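Okay, so here's the structure we're looking at.
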Amino acid sequence: MAVVLRMFVSVLCAVGLLLGQSEALVRQSAEGRRLMGEARFADAVAVYEELVKALPADVGLRMNLGMAQHLAGAYPAAIGSLKMVLKTQPGALPALMMLSASYLKTGQPGEAAPLLRKALAQDASLLDARRMLADAAAQLDRHEEAAAQLRKILEAQPGEARGWYSLGLQYEALAAGAFGTLQKVAPGSGYVAALIADSRTRGKQTRAAFYFYREALKREPKLRGAHAAVAQIYKQTGHEDWSAEELRAEGNPNCAVEKAACDFAAGRYLAAASGVKTRKTPEDYYWQARAWSALASAAFGKLVALPDSAPKLQLMAEMLRGQGQYMEAVAQWRAALALAPGDVGLERELAATLCLAKDFDQAEPLLKRLLAADVNSAALNFLLGDSYLARQRPEEAVPLLEKAVAVDPKLLPARASLARAYLAAGAGEKAVPQLKEALPLDEDGSLHFQLARAYQASGQAELAKQLLAKYQELKKRSEAAQTQLEQDAQISAPAK
């Protein structure tokens with residue numbers, strides 16, 4: 001909306017072919033501009049439609065119509081109007097920008113991207129065009145292009161919190177893509193194990209990281225960085241002698257043949273990530289994944305370093321929540337609300353994060369207040385109902401969860417919670433269809449167990465028996481994997 005309003009201020013047409021026309025048409029044009037200025041966009045559409053009928057050759061009036069349609073939310077109509085403008089004036093910057101914005105609003109990033117590149121070819125200083133192109137490229141999974149556009153935006157506006165956050169997300173997507181490709185081309189390699197170890201290190205899972213680094217070195221004894229990472233773990237756990245031994249084993253790369261390793265060690269992450277043009281070896285993907293990940297961390301670090309503002313703190317909260325640091329995220333949401341009191345969006349996010357942190361006593365009054373103002377919100381009904389269920393109050397949970405499922409049948413977590421509420425309330429037969437729908441969410445077998453209980457409660461003993469067997473199988477697998485990991489992840493002396 002802000003992008004379009006800026007364009008409206010700069011290009012809302014003067015009179016074009018209205019010069020020399022009737023006084024009535026001139027008054028209509030003035031009325032259209034007045035309505036646009038008052039944000040009465042639907043009314044302005046009606047005025048400009050009449051003007052375009054009267055003067056179909058006036059490109060300026062058609063441009064104004066396209067803008068009014070876009071701002072009124074009539075995006076398909078805006079697309080039609082603005083495409084006609086570009087037929088007459090193929091290089092018209094306002095039309096290129098507006099049409100791109102309409103395409104993005106209708107989920108057509110592939111149509112928007114070439115128009116935005118054309119606009120930037122005319123004027124490279126158009127930051128709004130770069131923002132939209134970054135958005136379009138990200139939606140098209142062209143994360144390198146999106147990151148390139150964001151870097152240029154941040155060169156011009158280094159204090160833009162959303163830019164740093166978005167850049168970090170693009171780098172994370174690139175790292176995930178490189179890791180995914182590596183898993184396909186070399187699934188059992190030391191490179192995969194080393195990247196898993198890196199992720200465990202970032203998550204402060206020291207023992208798990210140690211295990212995967214050791215596995216990586218078993219498979220790739222010359223893997224750069226792994227010995228140094230193990231040395232750091234030894235140092236953190238008080239084994240200075242073992243740390244020194246691992247550092248000696250790490251050695252120094254030969255930069256003539258190990259350019260990516262040298263670029264990474266020197267902090268030249270972009271060079272390490274993008275320097276490989278022919279991506280064929282597992283090692284190439286390994287360095288790309290590490291470099292993109294390092295760039296993501298650096299971008300998020302820039303976000304953290306910015307002065308506090310409500311948008312910055314909101315982004316910090318989103319980042320922390322994504323990392324599972326719920327109480328830390330709660331603190332950021334509250335800090336954001338202190339700077340933007342009464343912001344309903346921030347309050348909803350705070351309530352959701354409080355539920356994730358299982359602080360239901362704090363969440364309940366906030367959810368009740370929000371739900372009173374938005375009684376048909378599936379998300380709010382689910383959150384409040386689930387909070388009642390967590391505190392053993394199924395009778396209060398059931399109507400809220402039923403409302404959530406009725407409003408949004410695809411909200412599977414609400415279905416799972418409703419099933420648990422039915423079971424707790426002694427209505428097992430009602431739980432069965434909800435659990436069957438929610439089974440795609442089951443990662444640990446718990447929903448299979450609950451469905452077995454529901455079958456038992458509804459007198460379907462054979463189905464219950466089958467589900468219990470499946471639950472036991474999933475449980476044994478999970479426990480065995482956890483036991484093996486705990487055994488393997490003991491911090492032990494360097495391998496000889």
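Bear in mind that the values here come from a model prediction, so they are computed numbers and not experimental data.
More than 12 heavy atoms of other residues, nucleotides or ligands sit less than 6.0 Å from atom NZ of Lys403.
Remark: Tyr171 pairs with Trp292 by the ring-ring contact (aromatic ring centres under 6.0 Å, His included) rule, at least two apart or across chains. Judged as a disulfide bond (SG atoms under 2.5 Å apart), and not counting sequence neighbours, Cys355 has no contacts. Residues satisfying the salt bridge (Lys or Arg N to Asp or Glu O under 4.0 Å) criterion with Glu49, sequence neighbours excluded, are absent altogether. Qualifying side-chain contact (heavy atoms from CB on, under 4.5 Å) partners for Asp343, counting only residues two or more places apart in sequence or in other chains: Leu337, Ala340, Leu346. Not a single ring-ring contact (aromatic ring centres under 6.0 Å, His included) links Phe382 to another residue, sequence neighbours left out. In this structure, the side-chain contact (heavy atoms from CB on, under 4.5 Å) partners of Thr88, at least two apart in sequence or on a different chain, are Val59. Scanning for side-chain contact (heavy atoms from CB on, under 4.5 Å) contacts around Arg393 gives Glu364, Tyr388, Arg391, Glu396, with sequence neighbours left out. Qualifying salt bridge (Lys or Arg N to Asp or Glu O under 4.0 Å) partners for Arg268, counting only residues two or more places apart in sequence or in other chains: Asp263.
You'll find the ring centres of Phe179 and Tyr285 outside the 6.0 Å limit.
Between Leu116 atom CG and Asp128 atom CG the span is 10.5 Å, to the nearest 0.5 Å. For the atom pair Asp408 CG and Arg415 CZ, the distance stands at 9.0 Å (nearest 0.5 Å). Note that OG of Ser29 is 7.0 Å distant from CG of Asn64, once rounded to the nearest 0.5 Å. If you take NZ on Lys118 and CG on Leu93, they are separated by 10.0 Å, rounding to the nearest 0.5 Å.
Of the possible polar contacts, none joining the Gln69 side chain to the Ser81 backbone as a donor-acceptor pair under 3.5 Å is found. When atom types are taken as modelled, the side chain of Arg130 and the backbone of Ala124 share a donor-acceptor pair closer than 3.5 angstrom. With hydrogens and angles ignored, the 3.5 Å screen pairs a side-chain donor or acceptor of Thr181 with a backbone N or O of Gly177.
Counting only N and O atoms by type, the side chains of Glu144 and Ser274 include no donor and acceptor under 3.5 Å apart. Counted by atom type alone, Arg420 and Ser417 present one or more donor-acceptor pairs between their side chains at under 3.5 Å. Side chains of Ser297 and Arg202: no donor on one and acceptor on the other come within 3.5 Å.
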| request: Start with the C-alpha distance between Arg33 and Tyr48, add both sets of side-chain angles, then the distance that settles side-chain contact (heavy atoms from CB on, under 4.5 Å), and finish with yes or no. | output: CA-CA 9 Å; Arg33 290 196 298 276; Tyr48 283 119; 3.7 Å; yes
| message | As a quick check of understanding, evaluate side-chain contact (heavy atoms from CB on, under 4.5 Å) for Asp374 and Val344, giving each step before the final call. | response | CA-CA 11 Å; Asp374 189 4; Val344 174; over 6 Å; no
| request: Run the numbers on Asp135 and Gln139 for side chain to side chain donor-acceptor pair (under 3.5 Å), then give the verdict. | output: CA-CA 6 Å; Asp135 183 20; Gln139 291 183 50; 3.1 Å; yes
| field | Candidate pair Leu384 and Ser387, rule side-chain contact (heavy atoms from CB on, under 4.5 Å), full reasoning | value | CA-CA 5 Å; Leu384 185 55; Ser387 74; 3.7 Å; yes
| Evaluation steps, side-chain contact (heavy atoms from CB on, under 4.5 Å), between Leu418 and Glu402 | CA-CA 7 Å; Leu418 178 56; Glu402 286 178 336; 3.7 Å; yes
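Every pair tested for salt bridge (charged side-chain N to carboxylate O under 4.0 Å, His left out) that includes a residue from residues 70-98 fails, sequence neighbours excluded, so the list is empty. The stretch residues 73-130 participates, sequence neighbours left out, in these ring pair (Phe, Tyr, Trp, His ring centres under 6.0 Å) pairs: His70-Tyr75. For residues 300-309, the salt bridge (charged side-chain N to carboxylate O under 4.0 Å, His left out) pairs, not counting sequence neighbours, are Asp308-Lys312.
Taking the charged nitrogens against the carboxylate oxygens, Arg321 and Glu318 have no contact shorter than 4.0 Å, which rules out a salt bridge. Remark: Glu155 does not engage Lys152 in a salt bridge, criterion side-chain N to carboxylate O under 4.0 Å.
The side-chain heavy atoms of Glu145 and Leu133, taken from C-beta on, include a pair separated by under 4.5 Å. Residues Gln170 and Gln149 fail the side-chain proximity criterion, which asks for heavy atoms closer than 4.5 Å. Val407 is not listed as a side-chain neighbour of Asn381, based on a closest heavy-atom distance of 4.5 Å or more. Side-chain contact between Leu383 and Asp386 is absent, with no heavy-atom pair separated by less than 4.5 Å.
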Would you tabulate the side-chain donor-acceptor contacts of residues 322-330 under 3.5 Å, counting partners in other chains and residues two or more places apart, or write 'none'?
from, atom 1, to, atom 2, distance (Å)
Gln323, OE1, Gln325, NE2, 2.9

